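Data first, discussion second: the structure below is written as structure tokens.
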Amino acid sequence: MRVGLTPSSAVAPHELLARLAHQHGLLTSPLVGTALAVVGAVLALLLLRRVRRAGGPAGMGRGRFVFRTVSVLGVVALATGAYVNAYSGYFPTPGALAQAAGLSGVAAAGPGGPTPTADPGQLTTVRVAAPALGVTDGTTYVYTPAGYATSPTRHYPVIYLIPGSPGTPSDWFRTGRVDQVMESLVQAHAMPPAIVVAMNTCGGITGDTESLDVVRGPQVESYYTRVVLPYVDAHYRTLPDRAHRVIGGMSSGGFAALNVGLHHLDLYGTILGFEPYGDPGPANLRHLLGGDVARFRANSPRHYIPTMAFPEPVGVFLDVGADTGHDVARVRTLAAELTARGQQVQLRVEPGQHHTWTETVAGLPYALAFAGSRLSGAPG
């Protein structure tokens, strides 16, 4: 359901948003895991029958017995993985799985996406390193919308996205299919064309920086604001002002979008937080912030929102799964505190969703419509 602390600013037709929110891939269906489980059960029964007929494993021959046993266990493992993936939604399609395995690149606007155009959207990978800030890799994904190449005088708003952990910037395109959702909304005149930048959290695939300026580690927040943002403005045709910049993220990236966005109201006019936390987590007080309690509180929106000044107004979209327990109450509190400070807030609680990519996919069309309404109303 949608809990509106302010009237919804989404301009897209409800039917389009609902269709995009429930756009699932083949591998997100539990039927895949069920089919594999049935195959595994049949193979196991056949193996037992052969063992009995042979008078035991030795009668079958050691090599044949091992091969058939490994085959059964392999199918069971695949079934388990399929069920986990159906729950998390991390690999929605076989193509997404192939991309993760390095068998193909992360493609933009693939089958099932918006209507193809003569000048389609393009996804490129750039390396935006900043060794002085402890960022030596900086692999960043930049999506330019349809029409970008053939409109050389047009400038575009920018949506900056932060992945969760574990995760990589490519998740937003491979798993979230943000390019397809955005282009569908653009074609429905629900938002203006925009550049999408998926940023690197500088923690590797499994590491987690919470996008903080880590004590004796990578200065990730500074990297976003002092390196990535100027790089994008210098290399792409952007509308370089806060009214035309959006920052968003999911899970730890949702916390990061909220924290970085509120720290830099001069840079970002809209924040999109999927499954956000209100602080970096108690374990990271020592691990990332050197045990500095004041620094921890300064990077905890739940602590500083009630007393912070808002020299510039900000629009905040928050999205959380209804089945995430205490997370719902925490996100509601963040929304209420921002509203009490006079900011525009839209909160969605996704029915039946947990803390997964499936939840983010369900909320993404509504978040982009919220951002689109603000970008469309911005001068420029």
Side-chain angles (χ1 to χ4, degrees), residues 1-6 8 10 12 14 17-25 27-30 33 81-93 96 161-167 171-172 174-178 181 201 208 210-211 246-259 261 270-281 300-302 305 315-339 345-371:
M1 67 179 178
R2 181 175 64 80
V3 180
L5 296 180
T6 62
S8 173
H14 175 75
L17 294 177
R19 177 173 62 81
L20 293 173
H22 294 89
Q23 183 173 275
H24 302 297
L27 299 186
T28 59
S29 170
Y83 279 125
V84 171
N85 184 67
Y87 171 80
S88 69
Y90 196 65
F91 302 114
T93 64
L161 296 175
I162 306 170
S165 179
D171 294 347
W172 283 103
R174 180 183 61 240
T175 307
R177 292 176 281 185
V178 62
V181 176
T201 62
D208 190 6
E210 298 288 333
S211 298
V246 179
I247 186 167
M250 67 89 64
S251 190
S252 62
F255 155 76
L258 192 61
N259 191 44
T270 303
I271 299 170
L272 312 177
F274 300 91
E275 311 164 46
Y277 307 124
D279 59 55
S300 300
R302 70 182 182 90
I305 288 174
V316 182
F317 177 96
L318 298 175
D319 199 85
V320 64
D323 292 350
T324 53
H326 294 302
D327 285 355
V328 177
R330 295 187 184 106
V331 175
R332 284 186 185 276
T333 299
L334 289 170
E337 289 174 345
L338 285 163
T339 301
V345 179
Q346 187 175 119
L347 168 66
R348 279 185 60 85
V349 180
E350 304 294 346
Q353 295 295 339
H354 298 80
H355 194 93
T356 66
W357 261 104
T358 303
E359 190 281 333
T360 298
V361 168
L364 185 59
Y366 299 93
L368 290 176
F370 174 84

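Just so it is clear, the structure is predicted and the values come from calculations on it, not from any experiment.
Here the CG atom belonging to Asp171 is positioned 10.5 Å from the OG1 atom belonging to Thr360, to the nearest 0.5 angstrom. Interatomic distance, CD1 of Ile162 versus OG1 of Thr201, reported as 8.5 Å (0.5 Å rounding). The distance from the CG atom of Asp279 to the CG atom of Leu258 is 11.0 Å, given to the nearest 0.5 Å. The CZ atom of Arg348 sits 4.5 Å away from atom OH of Tyr366, with the distance rounded to the nearest 0.5 Å. For the atom pair CD of Glu350 and OG1 of Thr324, the computed distance is 10.5 Å after rounding to the nearest 0.5 Å. Put simply, CZ on Arg302 and CG on Asn259 are 12.5 Å apart, with the number rounded to the nearest 0.5 Å.
For Asp319, there are no side-chain hydrogen bond (donor to acceptor under 3.5 Å, both in side chains) partners at least two apart in sequence or on another chain. Ser252 pairs by the side-chain hydrogen bond (donor to acceptor under 3.5 Å, both in side chains) definition with nothing, not counting sequence neighbours. Here Ser251 pairs with Tyr277, His355 under the side-chain contact (heavy atoms from CB on, under 4.5 Å) rule; sequence neighbours left out.
Contact detail for Val246 and Ala371: the closest heavy-atom pair is CG2-CB, 4.1 Å. Residue Ile247 comes nearest to Ala257 through the heavy atom pair CG2-O, 3.8 Å, listed as atom of the first residue, atom of the second, then distance. Closest non-hydrogen pair, Met250 versus Trp172, comes out as N-CZ2, 3.7 Å. Residues Gly352 and Asp323 approach most closely at CA-OD2, 3.4 Å, considering heavy atoms. Between Ala335 and Val345, the shortest heavy-atom contact is CB-CG1, 3.8 Å. Shortest non-hydrogen contact noted between Leu334 and Gly278 is CD1-CA, 4.2 Å.
Side-chain contact between Phe255 and Ser211 is absent, with no heavy atoms from C-beta onward closer than 4.5 Å. In this structure, the side chains of Arg177 and Leu364 stay at 4.5 Å or more apart for every pair of heavy atoms.
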Worked verdict on Asp327 versus Glu275 for side-chain contact (heavy atoms from CB on, under 4.5 Å):
CA-CA 8 Å; Asp327 285 355; Glu275 311 164 46; over 6 Å; no
CA sep, side-chain torsions, deciding dist, call: Arg332, Leu347, side-chain contact (heavy atoms from CB on, under 4.5 Å):
CA-CA 8 Å; Arg332 284 186 185 276; Leu347 168 66; 3.9 Å; yes
